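The basis for the numbers below is simple: all heavy atoms, side chains too, and nothing from hydrogens, waters or symmetry mates. Letters go in sequence order (proteins before strands), and every chain restarts at 1. Predicted model only: the values in this text are computed from it and were never measured.
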Amino acid sequence: MYKAVPAQIDLPGLEHEILQMWDEEAVFAASVAARADKPLWTFYEGPPTANGTPGAHHVEARVFKDVFPRYRTMKGYHVPRQAGWDCHGLPVELAVEKELGFTGKGDIEAYGVAEFNARCRESVLRHVGEFSDMTRRMGYWVDMDGAYWTMDAQYVQSVWWSLKQIFNKGLLVQDHRVAPYCPRCGTGLSDHELAQGYETVVDPSVYVRFPITGGGLAERFPGCALLVWTTTPWTLVSNTAVAVNPNAEYCVVESDGEKLVVASELVAQVFGDTEHKVLATISGRDLEYTTYQRPFDLIDIPDAHIVILADYVTTDDGTGLVHQSPAFGADDLISCRAYNLPVVNPITADGHFEPSVPMVGGVFFKKADETLVASLLERGLLFRKDPYEHAYPHCWRCHTPLMYYAQPSWYIRTTAIKDQLLEQNAKTNWFPPTIQWGRYGDWLTNNVDWALSRNRYWGTPLPIWRCPDDHLTAIESLAELSQLSGKDVTETDPHRPFVDDISFPCPQCSLIAHRVPEVIDCWYDSGSMPFAALGYPQTNAEAFAEQYPADFICEAIDQTRGWFYTLMAIGTLVFEESSYKNVVCLGHILDEEGRKMSKHLGNVLEPIPFMDAHGADAVRWFMLASGSPWQARRVGHNSISEVVRKTLLTYWNTVSFQSLYARTSQWSPSSSDPAPADRPLIDRWVLSGSNRLAREVDIALDQFDTQRAGRLIATFIDDLSNWYVRRSRRRFWDGDPAALATLHEALQTVTLCMAPFTPFITERVWQDLFRSTDPDASGSVHLASWPKLSEDLIDDRLESDMALVRRLVELGRAARADSGVRTRQPLGRALISASGWNELSSDLRDQIAEELNVWNLEGLGDNALVNLSVKANFRSLGQRFAKDTPSIATAIAGADAAALVASIRATGTGQITVTGFGDIDISEEDLVITETPQEGWTVASDAGESVALDLAMNDELISAGLSRELIRALQEGRKTSGLDITDRIQVFWTSSDEKLSAALLTHEAEIADDVLAVQVQNAAAPSEATVIKTELPVELAILRAV
RNA sequence: GGGCCUAUAGCUCAGCUCGGUUAGAGCGCUUCCCUGAUAAGGAAGAGGUCGAUGGUUCAAGUCCAUCUAGGCCCA
């Protein structure tokens, strides 16, 4: 027997019970173990940074990471799922710095690197707890006990091993380049980190006069100045040169008594309405080696301050003359090197001007702008100053504006494998597909070398040792280090400062080699997880070979330049093959107003309270099925509660209904239930639909399309509840085994299809309906297999017939509403006109009659004088007649509809005369034929289908109507007086109304049957009976029968 | 400046792959109906220049081009 399923449900409460059951019975482990000998379907978990608290976007990604492995498991695959935690990196360091009240690297050094890193490790352990709780609460099944931690010694050594492979290929190199640099964190950043941190800021954009001191122009136009534009006034201190485009045209402009050099194309923009006159034009090339007076004379920059040529200079913006400061611009550095100009850097590693610099010594670089601009103004060098709004890169973690800063760094030469990366990308399936050659492909095409090193503390140490003669040795493990150093260091923590203390004689020259000071980008750590999570190659070599590459990974779109890239790049660098085949790339989650969620705005959704308010299933269903996962979506309390009402509660109530009546009639599924073929048509319709559902959802999930799958499921649940159950209610009251078996089977299918989406509620239903009635049922819905298809039960004809039935019912209801006669009042007959009506089985016709409360349904043409109208069916005509379609359509509209239809119905074709074409044969499919009765009917028509109601009343109909009215009043009375649905009652009535009395007597048996009355007495009610309120002229009362 | 995404009812979104002549759903609003599973369901009404322009076509929300606005990412 089924378990009792209450109509009311507390979803979050249910989920906590299920969570406990899963824990107690170790269902997740069992679901993986049960498929151990089945084909592998591999999934890689992208490790969240164990820092800060989880947000709604983590829930989103984790829902998708959960649904496909669950689905594949049901389909018979072995899907191990290893959790992972990203432990290293700036985010963790910054959090610890904040806790300790540090302001920079000096504080860390003073505190001690060992102690600092210990705090970092402790911080990671603390934050992982929050992620674990959220993960468990939402029902994301992933093995957290066996999680990989990027800070584990084994993991670090795997990363070392991979770096050594790359080093050996000559692709890990040190170089001196201008790179984005965070002065607060004191380290360079990679391009994909840069991508995380653009912020819109307003900087001063200044036009500065650089008076010419030598060269051709100085002689021709004494007092002339170069007009130079920059948005970073602080770099003017180290001005070294001015670059112009050799192929652009420049001119000398006289305005307001001064002479300035500007690119010709920009003259109008620079001078605007100010009166100005062009004195001469000159090519950029001819400006080369012009000398000028630099704007600030604060630091020593020998042999500089000339005009140089550079192709990258454009005349789109500014003045076409670009100030050069080679320490702070990648392009500047390249251009100035070509002229052997010095690279002078007056800014220290913490972003402040050196104390010895006059005017701005000790000032933070960005803060110097104001002082410097004031000085320019005072000395008459400032031509113009505008606020300039633009996106400027900031540190993605501490929000300090970045400097482009010349510094030595370690790079992975990814540009050398760019073609291979493009090749690997071509073999990857992206969902949605636009990412592949759009956002991601674009990124690959513009690939730059990976700036790998960080001048920090808490990270995987770069495993390169260097001797005084600059010989480099890459190390792959502590074992190798032990061998070289002659000491057993295999138990040493492979982090700073401990590895820094290990040294060994250089294998090439025997001088003592020490480790270089840098640690690596933590994105390299996470990108190494396919092998490092297994400790490969030191351990698990076999498992790795089986599990590489992954069948499936999934993250949000911000990972295109993050994890999606580092995974592919490292895979290609080390194994010459990308590490994933299918990648699902999600849009972001926004708040209800469409804004990004951020702590700053205070609109962050706390996942656990959110799930405890609505239920994790509701949140999951929303993420998977509501709107497009590829797009940014708004989420909030309203959108989630709609999901609950529309889908989850409808499903639950259908289950509760089934349980109620099955238990009432002591029904359990058994072999004595009628076979599907022997059940009524409506049952076969449901089974056709449920089997189709299993097939279509399977296809959709195979294509990673949860939105489509969700729509299919929601539609089916709606059909089941609001058509099948609604239409079959009486059979359930009667305990009809065919109906009960049908609903049982349909619910089983939909429960299985839904299990990956909403694992909690489906588990509850599985336990209450299926495990309780089938000794062979698996102990959990998540140990069950995908529903077995019975293709032979899928009946296209039946489904299209039922669709017609439902359309006709819809028309009938419209006509009913129009007529003003309430549905409880039966009508004698309705006339139907629709193609397909004649072929409709009597079972299906009965569905229409019952739903509309009409005693007889008849074909329209046989019973009334009919008005015919015809319209052109353009879809059909267009294919045949193309550009002549409109003339044909006009002719059809003007034709004698009655004669045309009569001819088509008799012979299959009809003829119309079209001016310029003569007679044309048309068939029924070329037309939309609408039949309506000529008079005296209430009609509703749509798309060639009509339902007409006969409103004529007679005593019999009125009597039946009164009886229905009484039944409804009595049922309402039963309900409000709190009777159980199985309670029997006695009915007492008295009435002075003749018609009503007659109706009661005529329909007594039927009334008694419907309201479970053991007796219907025409007598005054005893005092203990409950009086039923009704607007009919009758005194009515009921009493619970003993 | 480049890449990608988005624009359909007051709000949230389908429909666009594969063009068919009255553009759909849900929420909200008005009126009515049905109801012994339902926190539901149904009918009617109000509410749309399907972002704009141009093109292709017999026919464009749907295909093409350009533009506008917003978003994300990059320069």
Side-chain angles (χ1 to χ4, degrees), chain A residues 5-9 191 194-196 198 314 316-317 390-391 393 432 434-435 437-443 445-446 557-558 560-561 587-588 590 592 594-596 626-628 630-636 638-639 641-646 648-661 707 711 714-715 718 721-723 725-726 729 732-733 809-818 820-824 851 853 871-879 881-889 928 940 942-943 967-968 970-976 979-983 1010-1012:
Chain A
V5 177
Q8 308 285 312
I9 178 64
D191 285 79
L194 193 67
Q196 316 269 329
Y198 274 82
T314 69
D316 297 336
D317 229 345
H390 62 147
T434 48
I435 308 282
W437 297 118
R439 189 176 284 220
Y440 187 73
D442 190 44
W443 163 253
T445 311
N446 297 311
I557 193 163
D558 52 301
T560 37
R561 287 158 169 81
H588 280 129
L590 307 172
E592 278 183 309
R595 297 172 305 180
K596 244 185 187 170
S626 193
S628 170
W630 324 130
Q631 257 159 254
R633 287 180 293 170
R634 302 178 180 197
V635 61
N638 293 330
S639 40
S641 53
E642 193 179 323
V643 160
V644 172
R645 281 208 318 277
K646 285 300 295 175
L648 298 185
L649 288 182
T650 308
Y651 166 70
W652 181 259
N653 285 315
T654 308
V655 168
S656 164
F657 175 88
Q658 167 78 351
S659 161
L660 179 65
Y661 288 101
Q707 187 189 18
R711 221 175 18 231
T715 304
D718 190 63
S721 169
N722 291 319
W723 186 249
V725 172
R726 175 189 171 80
R729 240 185 302 227
F732 286 91
W733 299 348
V809 163
E810 206 173 301
L811 287 172
R813 284 177 181 147
R816 270 266 182 194
D818 200 30
V821 181
R822 49 174 40 179
T823 312
R824 275 201 294 278
E851 183 67 21
N853 198 16
K871 277 194 338 192
N873 180 3
F874 281 87
R875 189 188 284 268
S876 159
L877 289 173
Q879 279 164 16
F881 298 108
K883 67 166 164 257
D884 302 324
T885 308
S887 339
I888 312 275
V928 177
D942 184 55
I967 290 170
R968 205 200 67 79
L970 287 165
Q971 297 286 38
E972 184 68 27
R974 285 186 60 115
K975 201 174 176 180
T976 50
L979 291 174
D980 189 81
I981 56 149
T982 54
D983 285 338
D1010 268 20
V1011 305
L1012 299 184

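rG1(B) and rC74(B) make up a base pair, with Watson-Crick or G-U wobble contacts both under 3.5 Å. With a cut-off of 3.5 Å on both Watson-Crick or G-U wobble distances, the partner of rG47(B) is given as none. The partner of rC34(B) cannot be assigned: no Watson-Crick or G-U wobble pair with both contacts below 3.5 Å exists in any strand.
Atom CZ of F874(A) is separated from atom P of rU22(B) by 8 Å (rounded to the nearest Å). If you measure from atom CD of Q658(A) to atom P of rU38(B), you get 16 Å, rounded to the nearest angstrom. Here the C1' atom of nucleotide rG42(B) and the CZ atom of R824(A) are 14 Å apart, to the nearest Å.
Of the listed nucleotides (rC4(B), rA43(B), rU21(B)), rU21(B) has the atom at the smallest distance from the side chain of T885(A). The side chain of F657(A) lies closest to rA37(B) when the candidates are rG71(B), rA39(B), rA37(B). Out of rA14(B), rC73(B), rA37(B), the shortest distance to the side chain of R439(A) is found at rC73(B). Of the candidates rA37(B), rC73(B), rC33(B), rC73(B) carries the atom nearest the R561(A) side chain, counting heavy atoms from C-beta on. Among the nucleotides rA44(B), rU35(B), rC33(B), the one closest to the side chain of A814(A) is rA44(B). Between rC73(B), rA37(B), rC33(B), one nucleotide has an atom nearer to the side chain of R822(A) than all others, and that is rC33(B). Closest to the side chain of N722(A), out of rU35(B), rA14(B), rG41(B), is rG41(B).
T650(A) comes within contact range of no nucleotide atom at all, as no heavy-atom separation falls under 4.0 Å.
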